[in-house]
Structure formats: C-alpha cells, structure tokens
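Convention: sequence-line order gives letters A, B, ...; per-chain numbering from 1. Just the heavy atoms: all of them, side chains too, but no hydrogens, waters or symmetry mates, feed the values below.
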Number of protein chains: 4
Amino acid sequence: MVPPTSATGRRRLPPEQRERQVLDAAVRVFSRIGFHDASMDDVAEQAGLSKPMVYTHGGGSKEELLRRCIRREADRLLTSVSLAAGAPADAPGDDRTTEDRLRRGLRAFFATLTTHRDGWSVLYRQARTGTLADEVHDARARIVDRVAELLSAELTGRDPATARALATPLAAALVGAAEGLADWSASGGTEDPDALAEMLLALVWTGLSRLRHH
Amino acid sequence: MVPPTSATGRRRLPPEQRERQVLDAAVRVFSRIGFHDASMDDVAEQAGLSKPMVYTHGGGSKEELLRRCIRREADRLLTSVSLAAGAPADAPGDDRTTEDRLRRGLRAFFATLTTHRDGWSVLYRQARTGTLADEVHDARARIVDRVAELLSAELTGRDPATARALATPLAAALVGAAEGLADWSASGGTEDPDALAEMLLALVWTGLSRLRHH
Amino acid sequence: MVPPTSATGRRRLPPEQRERQVLDAAVRVFSRIGFHDASMDDVAEQAGLSKPMVYTHGGGSKEELLRRCIRREADRLLTSVSLAAGAPADAPGDDRTTEDRLRRGLRAFFATLTTHRDGWSVLYRQARTGTLADEVHDARARIVDRVAELLSAELTGRDPATARALATPLAAALVGAAEGLADWSASGGTEDPDALAEMLLALVWTGLSRLRHH
Amino acid sequence: MVPPTSATGRRRLPPEQRERQVLDAAVRVFSRIGFHDASMDDVAEQAGLSKPMVYTHGGGSKEELLRRCIRREADRLLTSVSLAAGAPADAPGDDRTTEDRLRRGLRAFFATLTTHRDGWSVLYRQARTGTLADEVHDARARIVDRVAELLSAELTGRDPATARALATPLAAALVGAAEGLADWSASGGTEDPDALAEMLLALVWTGLSRLRHH
DNA sequence: GATGAATGAGTTTTCATTCAT
DNA sequence: GATGAATGAAAACTCATTCAT
C-alpha cells in the first residue's frame, strides 16, 4: 500500500514535507557551518536532495531560505514560551502569580534551546548585519515584547504607561541574560532547563519585585 | 626625527601605526557592511591603502584580519571594564564594596559600547558560527571570567569552590543581560551609560546579595 | 464523430493538431522572448500544455522544435510567394509578364510578413550563428532560389547558364532588399504590402530590365 | 629595453591593448559560436586570458561585452563607408556625382565585410531579440541614415521633405540588398568588392535616377 | 496518453590572494 | 616598501530533459 519509494524517502513527497526537509537541513547546516560559509550544495547534500529542490522548496534564494529558517525557529520558540507562560491577559480563573508564569516561560525557553540547539544557533549566532539583520531583529523583538508583557503585570505599583516603558528594557535584559545562560549551558554548564530557570529567577526575581514599588 | 612622510600623512609610517590604520578601517568596514559582505577592496579603500598593504599589515588573510579586530576590540572592552572595576584581587587599601565595583564596571562597559559602537558590532553582531566562532567565544569568555571574579567576592558566605562555580553562570547571565540592554539602547533606548548601569543593578543586585547567604 | 474532448477543448486531440498547437506556441514565444531567452516552460505555458507534451509533439528537444518552427514558417512564406508568382515554369496559357509575377510575389511576401510577424521574426531575427545557422540559411536559400528562377525568365537575352548565374546574386540582393524594407516597415514605415512592393519594384525593375540586354 | 614579458604577450599591457584583445576575441567567438552558445570561458580562452580579465576589460558583463563588440564593428563599418563616400554635405570643390559616391561607399562596405567577416557576423547575424535588439537596431539605423543622406542628394527633383521621406525606405532596401549580396558572397559568390558594388549599382541605379523626376 | 516532480550539468559572476614592476 | 594588474577557485542560480505515477 505504501508507495515503494517511501523506503528511499526520495521521490514524490508532498510539498509540506519537502519544505520541512529542506528547512531542517538548512537550519542544521547554517547552524554548523554558518550562513555565509555554507553553500547551497551543502544544504542540498544535508537534505539528501538536489540543489534545484532546495531552490524550489526553500524560497528560491539562499537569503529567503535563511529568512524562512529564522521565522520558523523564532515561531517555535515564541510559541513554546507563550504556551508555557499562559495567556497574556489574566484570564478570570487564572490565579497563577507572575513569578510562576515567568518560571514556566523560562523553563520552556531553556527546554526549547536545549532541544533545538541548531535552531537557536540560527536565531542568535548568525550575522546580524546585512539584509537579514532586520529579520533577526524582528524575531528577537517579538520575544522581548512577549516577555515585557509578562513583566508589565508585575509592575502594578506604577501607572500602566510607566510600567510598560520600564518593562521593555527589563525584558531585553532578561532575554539577554537567558541567552547568556544558554551560552554557558552550551559550553559545559548544566542543560537542565529547570535548574537554569531557577538560577535566573534567583538572580532577578527580587529585583523585579522591588521595582514594583519604585 | 619626524619621518619625511608627515607631509602627505601617508607614506612610511611605522608598522604599528600602519597596523592600527588597517585595523581601524577593518573594524569600521566589517561593522558597517558585515564581514562576509565586505571585500578586502573595501577595507583597503577605507584605509586609504592598497590591498597588498592590507595583507602585509593585517595578518595576511581576511580571516586573520577579523581575528585581530576581534581581539583588539575585546581587549579594549576588557581593559576598560577591568580598570573601572578595580584590581581583581582586593588590594589592601581598596575598601570599595562589590556593588560599587560592579557599578563602575557596568558603566565602563556601556560607555565603551557607546563610544566604540563599530567595535562592539564586530564583537557581537558578526557571525558566531563558522571558523571564527571560537575567537568570539574566547573573547566573550574572558569578559565573563572577569565578571565572575568580581561576583565571587560577593559570594563570601560560601566556600571558595562553590562560590566560583556559582559565579560563572551568574556572570554569563549578567553579561548577557548587559548585551541585551545594549541592544535595546542601540535600538532607541537611552544611551546614558549610568542609567543603563543603574537599571541593570536594580534588576540583579538584590538577587546577587541574597545568593550570598545561600 | 467529434472527439470527446471538444468539451474541454484540450484532451485527446489528433497528433497533427497537437503539433500545430505546439509549433504555434513556440513560434510566438521564440519570436517575443527570443529562442535562447525563452524556456520550454514558457512554450508549454503558452501552449496550455505540460512540458512533456511539448517534448512529445515538438520533436524531442528545444533545438529540434526551433528547427520545425523555422521550416514551417519558411514553407509558409515560400508557398505564399510561389502561389502568387505563378507556376515556376512558364505554363503555356500563362502570359503574365515577369514584372507582374514579381509584383505579385513581392505583395505576397510583404503580406505574409505582416500577417505572420512572429513567424517572420523567428525566420529572420533569431540567431543566425550556431547550430541552427544552417537551417535558417537553407530556408532563405530556398526563397532566394525561387526568386532567382523568376528573374531568370527576364534575362532572356542571355544564354541560360549565364542567366542563371546572374540571377542568383540578383535574387539574393532582391530578397535582402525586401527584408530591409520589411524591417523599415516594422519600425514605423507603411505596412501596406502593395505600397512596399511598388517601392521595391520602382527601385529595381528598370535595372533588371536593362540587365536583359547586357 | 622592451620588457621581457612582451614575448609572451601576457602581463602588464596597457588597458587599451587589453580591451582590444578582449574585444577581438569576443567578436571572433560570438561570430563563430553565437552569442548565446558561447560562454565567457570560450572568450577568455580565445583571448588567452583569464576570465576575470575578460570581465575587467570587457565591460563587466557578457551583455555589455556584446554591446561593445557591436558598437566597435558598427563604427568601423560606418566610418569606412563614410570616408569612402565623402563628406555628407557637398563641399564646394567636390564635384563627384552621387553615383560615384554611392559606388565608393558600396565598395567600402563590401570590402569591410570581406575583411572583417567576424565583425559583420556579430552585427548582422546575432539574435535581434532581447535586450540587445535595440543596440543592433541602432547600429543598423546609423548606417541606413548615412545612406539615406547620400540618396537624398540624388532626389533633387523633389522638395527636401519628400526627398528625405522617400530616401529612408530606399536606403533600408539598399542596405538590405547589400547584406543579401554579402550573404551570397559569403556562401560561394565572388568576394571582389568592386564586382559586388557594380552588381548592386546595375540593379538599382537606373531606378534611383528615375525616382528623381517623380 | 499525460503530468507533476526531480535532477545533472553548466553559466555568469565575484573575490581573496599573489606577482612583476 | 608599495602597487597595479592578474588569476584560481568557488558559489548562486537556471533549465533542458526525464521518470514514477
């Protein structure tokens, strides 16, 4: 019943699978060799496909291929964090504390980084100059924004406008700190997402709480 | 005494000045156009030199040139932070608190970023994958180490080994947070180094203090 | 009796119609985009067929497809001119003068060019170097030969061998002149075939007549 | 005294010679293989140079290279014909008849074609579709214009405006006829420029003269 | 018979790097 | 020591052509 080609994994796949195949290979190659140093041949070889397939299913150009990689990985990370932290607006029955939300969000963050190290590398370690800088910048900004939203909830002692204005740099610092920890984790530190999350919380939570009351 | 070329400002400079001239141009060009998109012609033109001169005084290859740029800028940053924070070992007469040292260090960090934006860009925004990943990684590690040293002094409630083991990820997080803030600063946030330093201290200082006593 | 595909207008046409469909599309596309710049996809799209169909009914290769285009268009032109000029051998009851034959031939020539501009373009404006040069050369030679035959009849004052030897370059010149006029016509000159024919006759007829008697 | 490399003909030539070297090779290759079928490697090999040299001295792209070829060859042909036919305006002491001017012009035309067959091929046999169509068209238009100018002088029986309006298509036809003859010449006919010129004059001169008086 | 999907082979173009002067 | 001129090597991208369905 299964077509005989399923064995080789080559011919006649539905487009979505092909695109995924191509993006997976691209993320991996770009992460390992670096976007500029990697050639489309490298990507094709990693995907087990011919170069034209990479072009057909990868957006038509190397740059567009990277763009799609960045978007996919950023979406993955953002979705993971958002789901774990809970709905942005405090739903009626949702009585979790901000600390708890933050904890869960950070755990998801570190868990995703650990699971998809290549994707993270594409997001954070590629050249942030040139045409693609904006793409990376936007992807990171979306994450920072989501975190800022979370932090705003904690800064209730202040008026909303001030809270938000303060939340953004704090979120930027927090995300940066998470990245720094992730780097340390990748260089030999623990890979346990929970431990990493606790470490970061221990560092910043008191400070955040204090900022509530000015 | 003055070399005869002072008239044109060009010919027959001592090698060190030549190297500086080349590195300055390279940092600028790499920062603006990006390492991979920039050509050696671009560097030569920016330096006002011929290409062979760039090769002679820039290390002999494009990659080595970038390596030297990274090292110089990392040194600049590390030196600046170190000087501001004070001697690593508590000198007898030095009774400044750790908080004060950290504050001064952070101010120097943000001040240097602001003053030498191109250098910072070369350090943090260039490809951190590929052949040069190690170089960047090492440069950042040196900074993280220096900060860890600083933090160790605060974790006096613990035995030295534990203190140091704890200090490294905290330092990684702290440096990451500083980078995140710097990004935010570059994207429209305040550029005042003191304000940035205070913001970061407010976020982490209480947490750090608490970690002292377990 | 009507093939069942008349409903869609597509499927299951007799091979000849398919070939015509393919050649029509090819002539159009090659003429507009140029043989080399046009892709087989372009031809297939213009024909409303899939690419394999173009290969099946178009001769199996792009080059052969062009060859067939050239042949068909050359035949069309030659047939049109021949029919208008009359039977090559002076048929008994045919007492039209050579001038009249030439006039009718030229009118047919210009009329065909105007009506089938794409075909003419394929014949005269495509690369006349490379592998296909011979094909174009042959196609033109056939036309020149037919004209030479016509002119021979006028050079009756000379012995047949001389007449024919003289007729060929004259025919070549005449055909070239017609092409030159056609170019002018296409670039803004009149498109009236009769006017173009008269213009050309006015230019060359006296000369041709004179050549009759040495 | 002569630099030792003059023996190989390779290194350190002045730019003009290099450009000529490149154009010569390009004209030859484009003429023989055809513009589209020829690769830049072919041109480089023919020139005995590396490909980058072809790009440096050939305008930076294949298309620009062809453009320059076309321009050079068109200039060569136009200059040759113009010089032979004499100054366009009848200079006071210039009492040559129009027929004489035309004869000399045609001789020069055929002589140049014969001498620079490759250049002629590039001018007349390359694809006249695509981006380069205009370039070829313009080159030919300049020649047709020059001939029209010549013919205008003969149509003195008519008012100047009419004369010029009539002269252009006649010139187009005449140039076309010359090209047709040249084709015939290249396919086995005589290569004697004088003979070719006389043949063409015999064909058209009476007609031209008659057009003078309506 | 008809086609969507797949690829091998090639082309233009760009640089990092090095001589000959 | 300094440079203009030269090149080897590679990389993105395209397309005629053919299977597997």
*Could you check C:Thr129 against D:Gln126 for side-chain contact (heavy atoms from CB on, under 4.5 Å), going step by step and ending with a plain yes or no?*
CA-CA 7 Å; C:Thr129 25; D:Gln126 291 308 322; 3.0 Å; yes

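Under the Watson-Crick and G-U wobble criteria, each requiring two contacts below 3.5 Å, nucleotide F:dA20 is paired to E:dT3. Remark: F:dT14 base-pairs with E:dA9; criterion is Watson-Crick or G-U wobble with both hydrogen-bond distances under 3.5 Å.
If you measure from atom CG of D:Asp42 to atom C1' of E:dG10, you get 12 Å, rounded to the nearest angstrom. Across the protein-nucleic acid pair, A:Lys62 atom NZ and F:dA10 atom P stand 15 Å apart, rounded to whole Å. What separates CG of B:Leu49 from C1' of F:dG4 is a distance of 15 Å, to the nearest Å. Put simply, CD on B:Glu45 is 16 Å from C1' on E:dC15, counting in whole angstrom units. With rounding to whole Å, B:Tyr55 atom OH is found 18 Å from F:dG1 atom P. Between A:Asp37 atom CG and F:dA10 atom P the separation is 14 Å, expressed in whole Å. Summarising the geometry, the separation between CZ on A:Phe35 and C1' on F:dA12 is reported as 11 Å, rounded to the nearest angstrom. The distance from atom CD of A:Gln17 to atom P of E:dA5 is 14 Å, rounded to the nearest whole Å.
Checked by atom type, the side-chain pair C:Arg20/C:Gln17 shows no donor-acceptor distance below 3.5 Å. D:Ser121 and D:Asp118 are not linked by any side-chain donor-acceptor pair at a separation below 3.5 angstrom, with hydrogens and angles left out of the test.
In this structure, A:His57 reaches the sugar-phosphate backbone alone: every heavy-atom distance under 4.0 Å involves primed, P, OP1 or OP2 atoms, never a base. Counting any heavy atom pair closer than 4.0 Å across all strands shown, C:Ser61 reaches sugar-phosphate atoms only and no base atom. As judged by a 4.0 angstrom heavy-atom cut-off over every strand, A:Ala44 is placed among residues making no nucleic acid contact.
A salt bridge links D:Asp24 with D:Arg72: the closest approach of a Lys/Arg side-chain nitrogen to an acidic carboxylate oxygen falls below 4.0 angstrom. A salt bridge links B:Glu63 to B:Arg67: one of the charged nitrogens lies within less than 4.0 Å of a carboxylate oxygen.
Phosphate proximity of F:dA2 to B:Arg18: present, with a side-chain N or O under 4.0 Å from OP1 or OP2.
Comparing D:Thr56 and A:Glu63, the nucleotide of DNA chain F nearest to each residue sits closer to the 5' end for D:Thr56. For the pair D:Pro52 and A:Asp41, nearest-nucleotide mapping onto DNA chain F gives the more 5' position to D:Pro52. Between C:Met53 and D:His36, the residue anchored closer to the 5' end of DNA chain E is C:Met53, taking for each the nucleotide with the nearest heavy atom.
Comparing E:dA2, F:dA11, E:dT17 by their closest approach to the side chain of A:Ser39 singles out F:dA11. Closest to the side chain of A:Ser50, from the set E:dG4, E:dT12, E:dA6, is E:dA6. With F:dT17, F:dT18, F:dA2 as the choices, the nucleotide that has an atom nearest any side-chain atom of C:Met40 turns out to be F:dT17. The side chain of C:Lys51 sits closest to E:dA6 out of E:dT17, E:dA6, E:dT13.
Between D:Phe30 and D:Phe35, the ring-plane angle classifies as perpendicular under the 30° and 60° cut-offs.
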